[in-house]
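Since the structure comes first, as structure tokens, the remarks are kept for the end.
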Amino acid sequence: MGSTGFDYAITRTLDAPVGEVWDAWTNADAYAKWASAEDVVLDVRPGGAWSSVMVIPGGVRVPLTGTYTEVVPNERLVMGMDVPGADEPVLMTLALAADGDRTEITLSQTFDSAEERDQAEQGSAMLLDGLTAFLAAA
């Protein structure tokens with residue numbers, strides 16, 4: 001995809017060591033807790049499949065599926081998400097950088113339209129809010 005895409009990147013510093021943040025994203029039980037998801041299956045390896053059912057406020061259940069395209073433990077996770085009607089999965093890149101006992105996390109994605117980007121950016125911000133609260137309670 002060229003530079004014509006609409007992209008975003010959200011960076012936050014989390015009050016947890018990088019290994020803990022990695023586990024939160026790659027351990028199905030942990031992920032289910034902070035991401036408001038059920039039936040979480042995470043096969044965290046390149047080409048491995050993931051799936052979950054996101055439970056959004058109001059109780060609507062949204063099944064999500066995809067594949068990991070890149071896995072570098074404690075550093076980088078690239079997840080493709082299957083989108084109905086789209087030829088190719090939407091990729092989300094998760095980058096982690098250790099900062100002592102804290103972790104800098106960056107989520108980034110590129111889309112064909114500003115509307116899709118804005119929706120996804122909002123969703124990622126909510127995910128990071130949930131992750132922050134989960135790590136604070138751990």
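The closest donor-acceptor contact from the side chain of T65 to the backbone of S51 lies at 3.5 Å or more, if one exists at all. Within the 3.5 Å criterion, the main-chain N or O of A30 finds a donor-acceptor partner in the side chain of N27.
The two residues V40 and A32 have their closest heavy-atom pair at CG2-CB, 3.8 Å. Y68 approaches D43 most closely through the heavy-atom pair CD1-O, 3.2 Å. Taking all atoms of both residues into account, the shortest heavy-atom contact from Y8 to S124 is OH-OG, 2.6 Å. Between P46 and T69, the shortest heavy-atom contact is CB-O, 4.2 Å. Between F111 and E116, the shortest heavy-atom distance links the atoms CD2-CB, 3.7 Å. Across R117 and D7, no two heavy atoms sit closer than the pair CD-O, 3.1 Å.
Counting heavy atoms from C-beta on, the side chains of E75 and L96 never come closer than 4.5 Å. Residues L77 and T26 form a side-chain contact, since some pair of their non-hydrogen atoms from C-beta on lies under 4.5 Å apart.
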Could you pull out all donor-acceptor pairs under 3.5 Å where a side-chain atom in residues 125-138 meets a protein atom, sequence neighbours excluded?
{"residue": "D129", "atom": "OD1", "partner": "R12", "partner atom": "NH1", "Å": "2.7"}
{"residue": "D129", "atom": "OD1", "partner": "R12", "partner atom": "NH2", "Å": "3.0"}
{"residue": "T132", "atom": "OG1", "partner": "L128", "partner atom": "O", "Å": "2.7"}

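Evaluation of the salt bridge (Lys or Arg N to Asp or Glu O under 4.0 Å) rule for D23 yields no partner, not counting sequence neighbours.
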Q. Does the side chain to side chain contact (heavy atoms under 4.5 Å, CB included) test come out yes or no for V72 and E70, once each step is laid out?
A. CA-CA 7 Å; V72 183; E70 198 179 327; 4.2 Å; yes

Q) What do the steps show when you test I105 against L94 for side chain to side chain contact (heavy atoms under 4.5 Å, CB included), and what is the final call? A) CA-CA 7 Å; I105 184 171; L94 166 74; 3.3 Å; yes

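In this structure, L91 shares a hydrophobic cluster with V78, the cluster being traced through Ile, Leu, Val, Met, Phe, Trp and Tyr side chains under 4.5 angstrom apart.
Not less than 6.0 angstrom separates the ring centroid of W50 from the ring centroid of W25.
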